[in-house]
Amino acid sequence: MLFAFWQFGSAWMLGWAAAALLPILIHLWSRRKFREESWAAMEFLLAAMRKNARRIQLEQWLLLAVRTAILLVLALALADPQLSLLSGWTGALSGGQSHTLFVIDGSYSMDYRQDDKSRFDAARDLAKQFVAGGQQGDGYTLLVMGQPPRVVIGQPAFDQEDVREELDNLRMPHGSASLLATLAEVETILHQAAESHPRLARRQVVIFSDLQARTWNDVMTADCRERLARLSSQALLSLVDLGDSAAANLAVSRLEASQPVVTSRGEVTLSAEVVSFSRQDAPRQAVAFVIDGQRIADERVDVPAGGRVTVSANHRFDAPGEHVVEVYLTDDALPLDNRRWLSVPVRDAVRVLVVASRPGEGRYLTLALNPQQQGAGAIEVSEVAESALIETDLVTFDCVVLSNVGRFSREEAALLHRFVTGGGGLIFFLGDQVQAASYNQLLADHETSRILPARLGELAGDSQYRFNPLDYQHPIVAPFRGHEASGLLTTPIWRYIRLSPLGEAKVALALDSGDAAIVEEKIGRGRSLLFATAASPDSLDRRVNPPTPWTAIASWPSFPPLVHEMLQHAISGRLEGRNTKVGDDLTGLVRGASPDAQVSLTRPDASIERLPLVADGPDARWTYHDTLASGLYEADLPSVADSAARTPQKFAVNVDAREGDLTRFDHELLPSQFNQSADDSGQPVVPLQDPAGTSYFRLLLGLLLVLVITEPCLAWHFGRGRA
Amino acid sequence: VAEPAKSLDPQTLARLKGLALRARHIVEGYVAGLHKSPYHGFSIEFAEHREYAPGDDLRYVDWKVFGRTDKIYLKQYEDETNLICYFVLDVSESMQYKSPDAALAKSEYAQCLAAALAWLVLQQQDAVGLATFDSQIRTLLRPSGNPSHLEQVLHVMESAEAGKKTAAGPIFHELAERLTKRGVVVVISDFFDDVASLVAGLKHFRHRRHDVMLWHVLDPAEIEFNLAGPTQFKGLEGYADVNADPAAIRRAYLREFAAFQQSLQQACRMNQIEYVLMRTDQPVDVALTSFLAARRRRAS
């Protein structure tokens, strides 16, 4: 049921309604002001009056009413009345105020612009108009539909100025949106408001959204429908459609370097992917590569409708340090995803720590990683004994390679866990020293501290085995495709430990026995790789006589490239911490910081936030959660004594370009709980609750015209016309 | 001599002072407009036929009868030279009404008519009588053909004072009894009275073999009722004052008034009484012409 109430654009104009008294006063005055006339034909006059007294009186009243109505309607029209509709006879009858929960879609597709005004701005303006048309005592809450949803006003606010200020200060997040999580939050807010403010008898939820399919497809799920059904029993649900079915978009969906750790000793290939979310081809689109503010390449690409195009540029960084690569397209109606950044902390070399169980165990690995054995290589390898691991500062290394380490202490396990979750690479090579039970107990069995991608089983080895590349699907072995001479397939394996992959671990390389040879898994921001056999010919199976070596891989030509590919894969998370998506945390380790030290984080809009440090083992860690805006963030550690740590670290926060797909959800499929009307023109539709109210100005002017025409007609009909 | 059309206009007459002057003005203006004698056949009053005898004037042969019967009859006339015209003039208060736009009050207009016609009749050597009345007979002048009688007639009309209430019916009965000699009775009034009563009185005139003419004198405002704005109607002839918006009741009034006029006209037709509506904004020759035309019809 609907309840209507009037609001006025210019309420003071209602004062003119007093002019409606004029006809009445004139009528009364004219009754007192008679012209005297001697009259002879009184008999007929009296007869006429006697027979028509009632009719004359009715006619007079009708004319008086029309004349009064003319002035009243004129005053009403000047006051610009607006009729707003609200539901709930109960609330209306009880005179209770309303609680309106605004839900504004915060997915970055809402930044789509028409006439320099984004959909998000339009939603905010509509909400402000709605508030302006509210009544004294109405309460408002505000929620931004995001991933996760963000509660801006959780408890009903009654000061319209405060609500407008919050709406003005609202900044559109650059992430995606979760409808289901938002509806859960809506339910929570409504429930809390009903408990804390029971007098707000009428409740309504007004959702402003562009009906993007990526967000709204969730509405088809059973969970979502159940929640909507519950919500509709508590409040009126209205949907304001701000979308446009004809919207098209181009986006930079990916920007990456060819190497996870870029060094100043070699050239790196930068690749950007441009994706089209349009039904029409986009020929000769300009793509620009900019590094540290200097444009290094301009490309023109033809982007087919709905297709993807990769653009590359080679570059050699002259010096180690913090660098930023930026790729951008010419701005379109959705500029947010036309730009992408890549933070590239350039090193002078990739630093690898080889931990060996006994002297000489790691020499094959060291040789494979840095064949030059000089400082000129792009990879610097340090070799330490197993016992020295706990004393080694892993922060300076990109990857730790553990070769035939027998067992781990808890401290070592914790150290490695911190290292890998912070973005480092871990590679485990097994061997005759390995105590599988120790590995499993400390590195595999506890999910919270697990760093192994697989559990270790029994030693296997009854015959000679070969590698199975599994159709070269995994990035580690993919480079071997077509290079059979590399010896990967002929590498002899005699002993290995059977691996049981855990969690989301993937088998990169298998044995022809069917068991896994290399298992890898992403652990935190880093990556852990487990090799089922040894990296040294020194591992022997002494159960047989003569002792049988585990493998001859260390001397096989496939070994160096395989180790390099494993290293590249293991450290692929090194840039990940510096390059995140909107909504992901930014974090970093600081060594030697004083307890009261703070990190200054400069946001893309140049605002600065001070972040506290939290102890993380022997180091301190800072974390920043509010990465709702895409762009470059810069963390500065001015109070840290270590000069190396003073270099500001740059972080690139990019949008998830999938959100740039503006395909709209078919509103015909919307559940009936939404009071939403389809509008092919893409114009906002507010079917039940018009925030701005429906203006009746023209209607009243029409009524006024009718009355103005009616009055002389009536007067003529009643005899005045011939007077 | 004044220009004929204008001289008969009420506005022109209103500028003339004195009834005698007005009457003369009318007659001269009217005669000038006719271009021939208005008296021709005026006094002839048909009575019966008689057979032709040698020596009779052939002018009086009734050729119509000869055509039908092949016999020669002469038309016999009664009082061939002595027509009596009685003017019965209403001088009640209602006749004093004059709307703001009118040039003459009804009574003045009626006096002009009566005076002009009296002048004509007396010039024809015929006799004129006059009776004035309101709620009773105020004055009764016996008919006389003496030209000096005109002066008396005019004096009586001018000096008549307005009475309170019209009660025409009983007065007509009384006059019918008192006007013994046959003649033409011209009743000039607004007839704001009970129609049945006054028609009964008029019938009495007809019973006495008088020719009766009703000159219904009305002000244009009474006919059209186009007064503007709320009005306090001050009732004449004893009616109480009434406040009304003329615009609001105009249609109803016009309906009532039309019904009154229709009933009067119908009664006249049924009783062979000549009815002539005289609007005080019309030239007076309409009245004179209608009178003469009626006489001619009767004579033919």
Side-chain angles (χ1 to χ4, degrees), chain A residues 19-71 707-723, chain B residues 90 92-102 105-107 162 165-166 189-195 217-219 221-261 280:
Chain A
L21 290 173
L22 278 177
I24 299 171
L25 292 174
I26 290 171
H27 176 75
L28 294 174
W29 179 77
S30 64
R31 285 171 67 94
R32 292 176 171 274
K33 190 75 177 178
F34 286 102
R35 186 171 63 87
E36 289 187 355
E37 174 84 15
S38 296
W39 192 250
M42 287 299 287
E43 186 181 341
F44 316 109
L45 179 66
L46 292 172
M49 289 178 68
R50 189 170 54 248
K51 292 178 181 176
N52 295 276
R54 285 181 68 84
R55 181 187 61 80
I56 290 166
Q57 198 167 32
L58 277 174
E59 288 174 356
Q60 282 184 336
W61 284 353
L62 186 57
L63 268 177
L64 185 63
V66 170
R67 287 165 182 167
T68 307
I70 286 173
L71 293 168
L707 286 171
V708 166
I709 293 171
T710 303
E711 194 275 339
C713 291
L714 279 178
W716 180 85
H717 183 69
F718 296 158
R720 282 162 171 74
R722 284 166 286 185
Chain B
D90 184 354
S92 66
E93 197 175 18
S94 67
M95 289 292 285
Q96 303 297 316
Y97 176 68
K98 181 174 89 72
S99 63
D101 296 334
K106 289 192 288 184
S107 58
K165 179 83 177 171
T166 306
S189 171
D190 55 13
F191 300 109
F192 289 165
D193 195 0
D194 177 48
V195 173
V217 180
L218 292 171
D219 191 279
E222 291 171 333
I223 299 170
E224 295 167 359
F225 201 61
N226 53 0
L227 304 172
T231 306
Q232 183 179 51
F233 292 95
K234 303 185 81 65
L236 299 174
E237 297 190 357
Y239 281 102
D241 296 350
V242 170
N243 295 333
D245 181 0
I249 58 169
R250 182 169 184 267
R251 281 197 298 179
Y253 170 88
L254 292 179
R255 219 166 22 239
E256 294 291 327
F257 199 81
F260 157 70
Q261 275 187 296
T280 60

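In what follows, every chain begins at residue 1, and chains take the letters A, B, ... in the order their sequences are listed. Just so you know, these numbers come straight off a predicted model, no measurement behind them.
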Subject >> Test side-chain contact (heavy atoms from CB on, under 4.5 Å) applied to A:Q57 - qualifying residues, sequence neighbours left out >> reply: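 A:W61.
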
So which atom in [X] and which in [Y] form the shortest heavy-atom distance, rounded to 0.1 Å?
X	Y	answer
B:T231	A:E37	CG2-CB, 3.5 Å
A:A41	B:E222	N-OE2, 4.1 Å
A:A48	B:E256	N-CG, 4.0 Å
A:S38	B:L236	CB-CD2, 4.1 Å

Subject >> Results of salt bridge (charged side-chain N to carboxylate O under 4.0 Å, His left out) for B:R255 - residues two or more places apart only >> reply: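 If we apply the salt bridge (charged side-chain N to carboxylate O under 4.0 Å, His left out) test to B:R255, skipping adjacent residues, there are no hits.
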
Original post:
Tell me, do A:E43 and B:F192 make a side-chain contact under 4.5 Å, heavy atoms counted?
Top reply: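 A side-chain contact under 4.5 Å is absent here.
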
Subject >> Student check: side-chain heavy atoms of B:S94 and A:M42 closer than 4.5 Å >> reply: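 Side chain of B:S94 against side chain of A:M42, heavy atoms only: no contact under 4.5 Å found.
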
**OP:** Could you grab the distance from atom CZ of A:R35 to atom CG of B:N243, nearest 0.5 Å is fine?
**Re:**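 Between atom CZ of A:R35 and atom CG of B:N243 there are 12.5 Å.
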
Subject >> Interface moiety of B:Y253 toward chain A, non-hydrogen atoms closer than 4.5 Å >> reply: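 Both the backbone and the side chain of B:Y253 come within 4.5 Å of chain A.
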
**OP:** Would you mind checking which part of B:A240 comes under 4.5 Å of any heavy atom in chain A, side chain (CB onward), backbone (N, CA, C, O), both or neither?
**Re:**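 Backbone of B:A240 only, per the 4.5 Å heavy-atom cut-off to chain A.
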
Original post:
Taking the six-membered ring where the residue is Trp, are the ring centres of B:F225 and A:W39 under 6.0 Å apart?
Top reply: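 Yes, ring centres under 6.0 Å apart.
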
